[in-house]
Amino acid sequence: MVDAIRSMDSDSNSDIDEHELERRIEERVLYRQVNNSSRASSGRIQLVRPSSSASINPDNEFQRLRQQRAYMRRNNAKLFDGSNSPQNISIYGFLLGIVCGGGLMFAWQGDPAWHMPQFGLFLAALATFHFLEYLATALFNPDTLTLDSYLINHSPHYHAAHAAAFLEFVIEYYFFPSWKSFGLVNYIGLALVILGQTCRTVAMFSAQHNFSHHIADSKDEDHVLVTHGIYSIMRHPSYFGFYWWAIGVQFLLLNPICLALFVYWLQRFFDERISYEEYTLLRFFGDEWTKYKAKTPTWMPLIP
């Protein structure tokens, strides 16, 4: 967002006159992005015009923006290079929209000869999950927003898990198509997916800037213990949401092997992660955390 505010307009590929370039930069230097003093309560970001006494070095700002403009000119044609560029962000969002829309169309209007609506619903759920992860970060933690906020490149284990689920579904559908008939179990899986996604999204919107995809090892000044909303019902609603979302996907796809593996690995993963995170929360908040933990369960299997 900061880069977008500070970027310079360009109507063509021709070089801009030095005086015109300086004039444009000076116009943009007048506006700086600062955190609203009430961010903890409103979560908003305010654009303000600094006073004449603000500590801005025009020469340094001029050179920095010139270098940024030159860099963007050299790299503006690259896609899928892993950089947090506007073109990569937009193409990721576009492709997720295609996957979601295509999945829904396949689920409801697919060829009867390939009657497997659960696979289309799986694609839609997967795309929605990644989109909402990025959206929540963009709304409440724009200073940490990167291309990785989509969580598409989460980890090799994450990719392997979805690949295994896909392979099991395809193999079982090919050899035992009657196993994949859409019925009650699929509806249970879909309900779990919706429940899990809802809980995770509500958790991110409730925690706002206190939510992070990474466990914090140090406490920021504006970091508070969130105990309202869905956090008053369960301690780790985002973990609860992902746990049941992932389990629901396996019910939706009718994958018995992956269901058993997912239950085992998810329970093991979240048991270790929650233990470490709660250790850091105890260091940050002391008695406040102890009292909150004592009265608020996780509602996750084997994790009190």
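Every value quoted in this text rests on a predicted model; they were computed, and no experiment measured them.
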*Take Y243 and V263, measure what side chain to side chain contact (heavy atoms under 4.5 Å, CB included) needs, and give me the verdict at the end.*
CA-CA 9 Å; Y243 180 92; V263 169; 4.2 Å; yes
*Output yes when a side-chain donor or acceptor of H159 lies under 3.5 Å from a complementary backbone atom of I152, and no otherwise.*
yes
*asked:* Can you give me the closest heavy-atom contact between A107 and P117, atom names plus distance?
replied: O-CB, 3.3 Å
*asked:* Through direct or indirect side-chain contacts below 4.5 angstrom among Ile, Leu, Val, Met, Phe, Trp and Tyr, which residues connect to L302?
replied: none
*When rounded to the nearest 0.5 angstrom, what distance separates CG in N255 from CG in L167?*
10.0 Å
*Report yes or no: does H162 contribute a side-chain atom to a donor-acceptor pair with the main-chain N or O of H157 at less than 3.5 Å?*
no
*Residue pairs involving residues 292-304 (criterion side chain to side chain donor-acceptor pair (under 3.5 Å); sequence neighbours excluded)*: E278-K293
*Could you check if a side-chain atom of L253 sits within less than 4.5 angstrom of a side-chain atom of Y173, using non-hydrogen atoms only?*
no
*Heavy atoms, side chains only, cut-off 4.5 Å: are K219 and T280 in contact?*
no
*Kindly compute the distance separating CG (D148) from OG1 (T137), expressed to the nearest 0.5 Å.*
10.5 Å
*Is the side chain of E168 donor-acceptor paired with the backbone N or O of C258 at a distance under 3.5 Å, no angle test?*
yes
*asked:* Whether the side chain of R200 engages the backbone of S238 through a donor-acceptor N/O pair (distance < 3.5 Å, no angle test) should be reported.
replied: yes
_For F285 together with H223, are the ring centres under 6.0 Å from each other?_
yes
_Does atom NZ (K291) have a neighbourhood of more than 12 heavy atoms from anything else shown, all under 6.0 Å?_
no
_Distance flag, aromatic centroids of Y134 and H130, threshold under 6.0 Å_ = no
*Are side-chain heavy atoms of F166 and I171 found at a separation under 4.5 Å?*
no
*Expected output: side-chain K180 to main-chain M116 donor-acceptor under 3.5 Å*: no
_Shared hydrophobic cluster for V185 and F169 (ILVMFWY, side-chain gaps under 4.5 Å)_ = yes
*asked:* Grouping I, L, V, M, F, W and Y whenever their side-chain heavy atoms are under 4.5 Å apart, do F122 and I188 come out in a common cluster?
replied: yes
*Nearest 0.5 Å please: distance from the CG atom of L282 over to the CH2 atom of W289.*
9.0 Å
_Do L145 and L135 land in one hydrophobic cluster if side-chain heavy atoms of ILVMFWY residues count as linked below 4.5 Å?_
yes
*How long is the span from the CG atom in L281 to the CG atom in L225, to the nearest 0.5 Å?*
7.0 Å
*For F270, which residues count as a ring-ring contact (aromatic ring centres under 6.0 Å, His included) partner, sequence neighbours excluded?*
Y239
_Do R273 and H236 make a side-chain contact, defined as non-hydrogen atoms from C-beta onward lying under 4.5 Å apart?_
no
*Is L126 close to V99 at the side-chain level, that is, under 4.5 Å between some pair of heavy atoms?*
no
*State whether the number of non-hydrogen atoms from other residues, nucleotides or ligands found under 6.0 Å of Y158 atom OH is greater than 12.*
yes
*Please check if the side chain of T198 supplies one atom and the backbone of I194 the other of a donor-acceptor pair under 3.5 Å.*
yes
_Please determine whether the number of non-hydrogen atoms from other residues, nucleotides or ligands lying under 6.0 Å from atom CZ of F211 exceeds 12._
yes
*asked:* Quick check: closest heavy atoms across S178 and S181, and the distance to 0.1 Å?
replied: O-OG, 3.1 Å
*Residues L151, H154; criterion side chain to side chain contact (heavy atoms under 4.5 Å, CB included); working and verdict*: CA-CA 5 Å; L151 292 190; H154 182 275; 4.1 Å; yes
*Geometric class of the F140/F205 ring pair [parallel <30°, tilted 30-60°, perpendicular >60°]*: perpendicular
*Do L96 and I98 sit in the same hydrophobic cluster, where Ile, Leu, Val, Met, Phe, Trp and Tyr count as joined when their side-chain heavy atoms come under 4.5 Å apart?*
yes
*Could you tell me which non-hydrogen atom of V193 sits nearest to which non-hydrogen atom of A125, and how far apart they are?*
CG1-CB, 3.8 Å
*asked:* Is it the case that the side chains of D217 and Y276 hold a donor-acceptor pair, with the cut-off being a distance below 3.5 Å and no angle test?
replied: yes
_If we ignore hydrogens and angles and just use 3.5 Å, is the side chain of N210 paired with the main-chain N or O of A207 as donor and acceptor?_
yes
_Straight-line distance of M105 CE to L123 CG, nearest 0.5 Å_ = 13.5 Å
_Grouping I, L, V, M, F, W and Y whenever their side-chain heavy atoms are under 4.5 Å apart, do Y264 and F262 come out in a common cluster?_
no
*Would you say the side chains of N88 and S85 form a donor-acceptor pair under 3.5 Å?*
yes
*Would you please say whether a donor-acceptor pair under 3.5 Å links the side chains of T201 and Q197?*
yes
*Mind listing the closest non-hydrogen atom pair of C100 and T128 along with its distance?*
SG-OG1, 3.7 Å
_Over 12 foreign heavy atoms within 6.0 Å of CZ, F269_ = yes
*Are F129 and W245 near enough that their ring centres are under 6.0 Å apart?*
yes
_Take a 6.0 Å sphere around CZ of F119 and say whether it holds more than 12 heavy atoms from other residues, nucleotides or ligands._
yes
_Heavy-atom closest pair, residues I274 and M300_ = CD1-SD, 4.0 Å
*Is the closest side-chain heavy-atom distance between F251 and N186 below 4.5 Å?*
no
*Ring-ring centroid check Y150 F131, cutoff 6.0 Å*: no
*What heavy-atom pair brings S206 and I230 nearest, and what distance separates the two atoms?*
OG-CG2, 4.2 Å
*If you round to the nearest 0.5 Å, how far is CD1 of I89 from CD1 of I91?*
12.5 Å
